[in-house]
J.: 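Structure incoming, see below.
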Amino acid sequence: MSERSETPTHFIRQIIDRDLAEGKHDGKVVTRFPPEPNGYLHIGHAKSICLNFGLAEQYAGACNLRFDDTNPEKESDEYVNSIRTDVEWLGGRWQGDVRFASDYFETIHDCALALIRAGHAYVDTQSPEQMAANRGNFTTPGTDSPHRDRSVEENLALFADMRAGKLDEGQAVLRARIDMASPNMNLRDPVLYRIRKARHHHTGDTWCIYPMYDFTHPISDAIEGITHSLCTLEFEAHRPLYDWVLDTLTGLVDFPSRPRQYEFARLNLNYTLTSKRKLKQLVDEGHVSGWDDPRMPTISGLRRRGYTPASIWRFCDMVGVARADSVVDVAMLEAAIRDDLNQHAPRAMCVLRPLKLVIENWPAGQVEQLEAPQHPQNEAMGTRQIPMSGEVFIDREDFLEEANKKFKRLVLGDRVRLRYGYVVRATDVIKDAQGEIVEVRCTYDPDTLGKNPENDEGQGKLRGVIHWVSATHGVPCEVRLYDRLFTSPSPEREEAGVTACLNPASLTVLEGAVAEPALGVAAVESRFQFEREGYFCVDRDSRPDRPVFNLTVGLRESF
RNA sequence: UGGGGUAUAGCCAAGUUGGUAAGGCAGCGGGUUUUGAUCCCGUCAUUCCCAGGUUCGAGUCCUGGUACCCCAGCCA
């Protein structure tokens, strides 16, 4: 991502700057992006990716990609693969191989044994219901488990039985021995290990006991030499436990670093869902075509929609990193992609809703190649040829039989310029039996290519410029117009559920669009600005004879 | 209700020994323009959740409130 401008400062950078100044962590910065492979990555994860990989780059440190895969029943290789692809596409360059928390299961198990031997953990054979009841609540302290004072030997034997599969799910757990009366619920003897007789996507049937997140995460961080472990705000109350695990293990197990956890506010976008569960619901119930439906806020959806990695990094820079809960306006995301595409996308013409325009004084059979720049503000991008003939298509919305002067398009009896071409004057309209306009007739002024009409006879300025495509050369194509998926600014908070506020007009398919010839051979994922319309990218559903374009975002409109 | 957090413009967000409110998005006004785009110029918080207090001076310090978020999975 070479185009990120100056790196914005925020409280995490300030913490790192201070740490570096104090000589902590041997002057190193090592972060990690730790997704659980139980769903596809979305724009919220992008914030974390940009933060973690960005810091590694800015401080010449490193960032690991680590799958936090401690819950075999919800995780799968499909998710591992999609996440790896998405991180790679975004430009996250991780240090060494992809890591799996499950690769550390043996070490984590050793840590559990060390804790048991030191009297810091015990096997509880209460039922889940008893445990919940004995945990107390916000106002009432918990009650010690009757098994809290088992001997080390007994705990070791029971834990061995757990590992050996001699106990069933729910019959026993390993718990930390901390404080059942702590005002922080997370410290009321949290569960460290539970029994799950499920096949794990990465370790297969090697284990039937799995460590909990709170036990796995600090140890994984310490094993990898992570210096700054960044997570979202909801883990704040877990930090004392994170520290307890590492502090209690000190002297018992050696790690290359003593990482610290810092929390930042997760990204919320209005008119958007960022709940993995609800996103999955949209996919499972068929409200969208899949995880990569261009309307989805997933990384793969944004990619298919036409967003660039640079625009997503730019967006994350714009949003910043802080600790206050916030809801970012989706207009900011759109601004980021418009900014990128305005600079880099070649221009093209595509008529979305064709209306035939016949030029009556055009020499019969003549075809002229007009030259147009790929990008009006960037000559270095070169030029392209656009064929012009006696019959062209213009957009139905660009013609009116009558209009006031604010309508800067074609009006019967008046003139308009065909972009990169000639000035034409509409002379007649042809309608069908229903009175619908099926064709417009016009004449063109041959002396207006690259210059304005000379003998204007006091007719005033041209109304404007419209785009067009030669009827005999245009490439028939499909254009998919997208709008926001939800009509509610906060779909997650809708009482009636997220599906109740789905936008029925989130997808409009235009089957009869016609694009200029050069677009017929555009590669999948290539992006263009269709002049006067918006930014579009080539969808993978395209066929050689029929390209499919997705609207990424429309042009700003100010009238 | 116990604990932990957060409050600066319509939306993000700087503001770190108290010195007189950055920037972006959105909006508004104008200029340029063969894209109603881009670009350019201008405008947009007498005020920082509220109320007191300290001070020559407070978004920054003190006191007391208020609002919102997170925690009672053998999820992460």
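Naming: A, B, ... by sequence-line order, numbering from 1 per chain.
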J.: Among residues at least two apart in sequence or on other chains, which ones pass side chain to side chain donor-acceptor pair (under 3.5 Å) with A/Q369?
T.: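 A/Q369 satisfies side chain to side chain donor-acceptor pair (under 3.5 Å) with no other residue.
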
J.: To the nearest angstrom, how far is A/R196 atom CZ from B/rA76 atom C1'?
T.: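 Result: 13 Å.
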
J.: What are the residues of residues 162-176 of chain A, sorted by number, that bring a heavy atom to within less than 4.0 Å of RNA chain B?
T.: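 RNA chain B contact set from residues 162-176 of chain A: A/G170, A/V173.
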
J.: In whole Å, what separates the P atom of B/rC28 from that of B/rG73?
T.: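 It works out to 49 Å between them.
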
J.: Are A/F235 and A/Y242 an aromatic pair by the rule of ring centers under 6.0 Å?
T.: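 No, too far apart.
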
J.: Pick out which of A/R409, A/R353, A/R419, A/K408 makes a salt bridge (charged side-chain N to carboxylate O under 4.0 Å, His left out) with A/D398.
T.: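 For A/D398, the salt bridge (charged side-chain N to carboxylate O under 4.0 Å, His left out) check succeeds only for A/R409.
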
J.: Which part of the nucleic acid, if any, lies within reach of A/V423 when heavy atoms closer than 4.0 Å are counted: base, sugar-phosphate only, or nothing?
T.: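 No contact at all - A/V423 keeps every heavy atom at 4.0 Å or more from the nucleic acid.
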
J.: Please name all residues satisfying side chain to side chain donor-acceptor pair (under 3.5 Å) with A/E78, sequence neighbours left out, ordered by chain then number.
T.: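 Once residues adjacent in sequence are excluded, the partners of A/E78 under the side chain to side chain donor-acceptor pair (under 3.5 Å) criterion are A/Y40.
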
J.: Side-chain donor-acceptor pair under 3.5 Å between A/S229 and A/Q261, yes or no?
T.: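 Checked: A/S229/A/Q261 side chains show no N/O donor-acceptor pair below 3.5 Å.
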
J.: Test of understanding: with side chain to side chain donor-acceptor pair (under 3.5 Å), list the residues that count as partners of A/E397, not counting sequence neighbours.
T.: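 Here no residue qualifies.
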
J.: Output the pairing pattern of RNA chain B as a dot-bracket string, 5' first, Watson-Crick or G-U wobble with both distances under 3.5 Å, | for cross-strand pairs, [ ] for crossing pairs.
T.: .(((((((.[[[..)...(...]]].(((((.......))))).....[[[[[..)....]]]]])))))).....

J.: To the nearest angstrom, how far is A/M349 atom CE from B/rA37 atom P?
T.: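 A/M349 atom CE is separated from B/rA37 atom P by 18 Å.
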
J.: Does anything in residues 120-134 of chain A form a salt bridge (Lys or Arg N to Asp or Glu O under 4.0 Å)? List the pairs, not counting sequence neighbours.
T.: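 Applying salt bridge (Lys or Arg N to Asp or Glu O under 4.0 Å) to every pair that reaches into residues 120-134 of chain A, excluding sequence neighbours, yields A/D124-A/R175.
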
J.: For the pair made of OH in A/Y213 and P in B/rG73, what is the distance, rounded to whole Å?
T.: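 Going from A/Y213 (OH) to B/rG73 (P), I get 18 Å.
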
J.: For A/R135, does its backbone N or O pair with a side-chain atom of A/R188 as donor and acceptor, under 3.5 Å?
T.: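 Pair found, side chain donor or acceptor close to backbone of A/R135.
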
J.: A/R323 has an atom CZ; how far is it from atom C1' of B/rC70, in whole Å?
T.: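 Between C1' of B/rC70 and CZ of A/R323: 11 Å.
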
J.: A/N38 CG to B/rG73 P: how many Å, rounded?
T.: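 Going from CG in A/N38 over to P in B/rG73 covers 19 Å.
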
J.: So, A/N452 and A/T448: side-chain donor and acceptor under 3.5 Å apart, yes or no?
T.: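 A/N452 vs A/T448: no donor-acceptor pair found between side chains.
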
J.: Fit a plane to each ring of A/F530 and A/F536, take the angle between them on a 0 to 90° scale, and name the class: parallel (under 30°), tilted (30 to 60°) or perpendicular (over 60°).
T.: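 Rings of A/F530 and A/F536: parallel, as their planes differ by under 30°.
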
J.: Who are the side-chain contact (heavy atoms from CB on, under 4.5 Å) partners of A/L555, not counting sequence neighbours?
T.: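 With neighbours one apart ignored, the set is A/Q529, A/Y535.
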
J.: Say you pick atom C1' in B/rC50 and the same atom in B/rA58; how far apart are they, in whole Å?
T.: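 The answer is 16 Å between these two C1' atoms.
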
J.: Checking side-chain polar atoms at under 3.5 Å, does A/Y122 have a donor or acceptor matched by the opposite partner on A/D189?
T.: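 Distance-only check passes for A/Y122 and A/D189.
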
J.: Rounded to whole Å, how long is the line connecting atom CD of A/E234 with atom C1' of B/rG73?
T.: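 These atoms are roughly 15 Å apart.
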
J.: Any idea which of B/rG4, B/rC75, B/rG36 is nearest the A/F407 side chain?
T.: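 Output: B/rG36.
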
J.: Give A/H217 one of three labels, base, sugar-phosphate or nothing, depending on what nucleic acid heavy atoms sit under 4.0 Å from its own.
T.: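 Touches nothing.
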
J.: Would you mind telling me which residue lines up with the more 5' stretch of RNA chain B, A/K74 or A/N184, judged by nearest nucleotide?
T.: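 Going by which nucleotide is closer to the 5' end, it is A/N184.
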
J.: Between B/rG23 and B/rU34, how far apart are the two C1' atoms, rounded to whole Å?
T.: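 Roughly 35 Å separates the two C1' atoms.
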
J.: Regarding A/E36 and A/K74, does a basic nitrogen lie under 4.0 Å from an acidic carboxylate oxygen?
T.: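 No.
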
J.: Under 4.0 Å between a Lys/Arg side-chain N and an Asp/Glu carboxylate O for A/R66 and A/E224?
T.: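 A salt bridge is present here (some side-chain N lies under 4.0 Å from a carboxylate O).
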
J.: Measuring only the P atom in each nucleotide, how far is B/rC49 from B/rU60? A whole number of Å is fine.
T.: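 Nearest-Å result for B/rC49 against B/rU60 at atom P: 8 Å.
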
J.: Name every donor-acceptor pair, under 3.5 Å, that has one atom in a side chain of residues 209-218 of chain A and the other anywhere in the protein, sequence neighbours excluded.
T.:
unit_1, atom_1, unit_2, atom_2, d
A/Y210, OH, A/A198, O, 3.1
A/Y210, OH, A/W207, O, 3.1
A/D214, OD1, A/H238, ND1, 2.8
A/D214, OD2, A/H238, ND1, 3.2
A/T216, OG1, A/M212, O, 2.8
A/H217, ND1, A/D68, OD2, 2.8
A/H217, NE2, A/R32, NH1, 2.6

J.: Give the rounded distance in Å between these two atoms: CG of A/N268 and C1' of B/rU6.
T.: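 Atom CG in A/N268 sits about 14 Å away from atom C1' in B/rU6.
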
J.: Quote, to the nearest angstrom, the C1' distance that separates B/rG29 from B/rA21.
T.: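 To the nearest whole Å, 24 Å.
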
J.: Going by ring centres under 5.5 Å and near-parallel planes (under 30°), is A/F138 stacked on B/rG2?
T.: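 Yes, A/F138 stacks on the base of B/rG2, since the ring centres sit under 5.5 Å apart and the planes are within 30°.
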
J.: Atom pairs, N/O to N/O, protein against nucleotides 65-69 of chain B, distance under 3.5 Å?
T.:
unit_1, atom_1, unit_2, atom_2, d
B/rC69, O2', A/D325, OD2, 3.3

J.: What integer number of Å spans the C1' atoms of B/rG4 and B/rC74?
T.: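 My reading of the C1' atoms in B/rG4 and B/rC74 gives 24 Å.
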
J.: Using the P atoms only, state how far B/rG19 lies from B/rG52, rounded to an integer number of Å.
T.: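 The same atom, P, in both gives a distance of 24 Å.
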
J.: Going by side chain to side chain donor-acceptor pair (under 3.5 Å), name the residues that satisfy it together with A/R463, two or more places apart in sequence or in a different chain.
T.: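 So A/R463 forms a side chain to side chain donor-acceptor pair (under 3.5 Å) with A/D414.
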
J.: What integer number of Å spans the C1' atoms of B/rU47 and B/rG5?
T.: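 That atom pair is separated by 26 Å.
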
J.: If I take atom CZ in residue A/F11 and atom P in nucleotide B/rG15, what distance separates them, rounded to the nearest angstrom?
T.: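 From A/F11 CZ to B/rG15 P: 12 Å.
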
J.: Shorter than 3.5 Å, N or O on both sides, protein versus nucleotides 25-28 of chain B: list them out with atom names.
T.:
unit_1, atom_1, unit_2, atom_2, d
B/rG27, OP2, A/R556, NH2, 3.4

J.: Quick check on B/rC75: is either OP1 or OP2 less than 4.0 Å from any side-chain nitrogen or oxygen of A/T70?
T.: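 So the side-chain polar atoms of A/T70 never come under 4.0 Å of the phosphate oxygens OP1 or OP2 of B/rC75.
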
J.: Which label fits B/rG73, syn or anti, where anti is any glycosidic angle not within 90° of 0?
T.: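 Chi for B/rG73 falls in the syn range.
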
J.: Consider the side chain of A/S558, meaning its heavy atoms from C-beta on, and name the nucleotide among B/rU6, B/rC74, B/rG36 that approaches it most closely.
T.: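 Given the options B/rU6, B/rC74, B/rG36, the side chain of A/S558 is closest to B/rG36.
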
J.: Under 6.0 Å between ring centres: does that hold for A/Y422 and A/Y444?
T.: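 Under 6.0 Å, so yes.
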
J.: Taking the minimum atom-to-atom distance to the side chain of A/N186, which one of B/rC71, B/rU6, B/rC74 wins?
T.: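 Output: B/rC71.
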
J.: Is there a side-chain polar atom (N or O) of A/S326 under 4.0 Å from OP1 or OP2 of B/rA13?
T.: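 For B/rA13, OP1 or OP2 has a side-chain N or O of A/S326 closer than 4.0 Å.
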
J.: All N/O contacts under 3.5 Å from nucleotides 31-35 of chain B to the protein, with atom names and distances to one decimal?
T.:
unit_1, atom_1, unit_2, atom_2, d
B/rU34, O3', A/R419, NH1, 3.1
B/rU34, O2', A/R419, NH1, 2.3
B/rU34, O2, A/Y420, N, 3.0
B/rU34, O4, A/R417, NH1, 3.1
B/rU34, O4, A/G450, N, 2.6
B/rU35, O5', A/R419, NH1, 3.4
B/rU35, N1, A/E531, OE1, 3.3
B/rU35, O2, A/Q529, OE1, 2.9
B/rU35, O2, A/R532, N, 3.0
B/rU35, N3, A/Q529, OE1, 2.6
B/rU35, N3, A/E531, OE1, 3.4
B/rU35, O4, A/R347, NH1, 2.6

J.: Does A/K276 use its side chain to pair, donor to acceptor, with the backbone of A/N38 at less than 3.5 Å?
T.: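 Not at all, since once roles are kept as given, no pair shorter than 3.5 Å links the two residues.
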
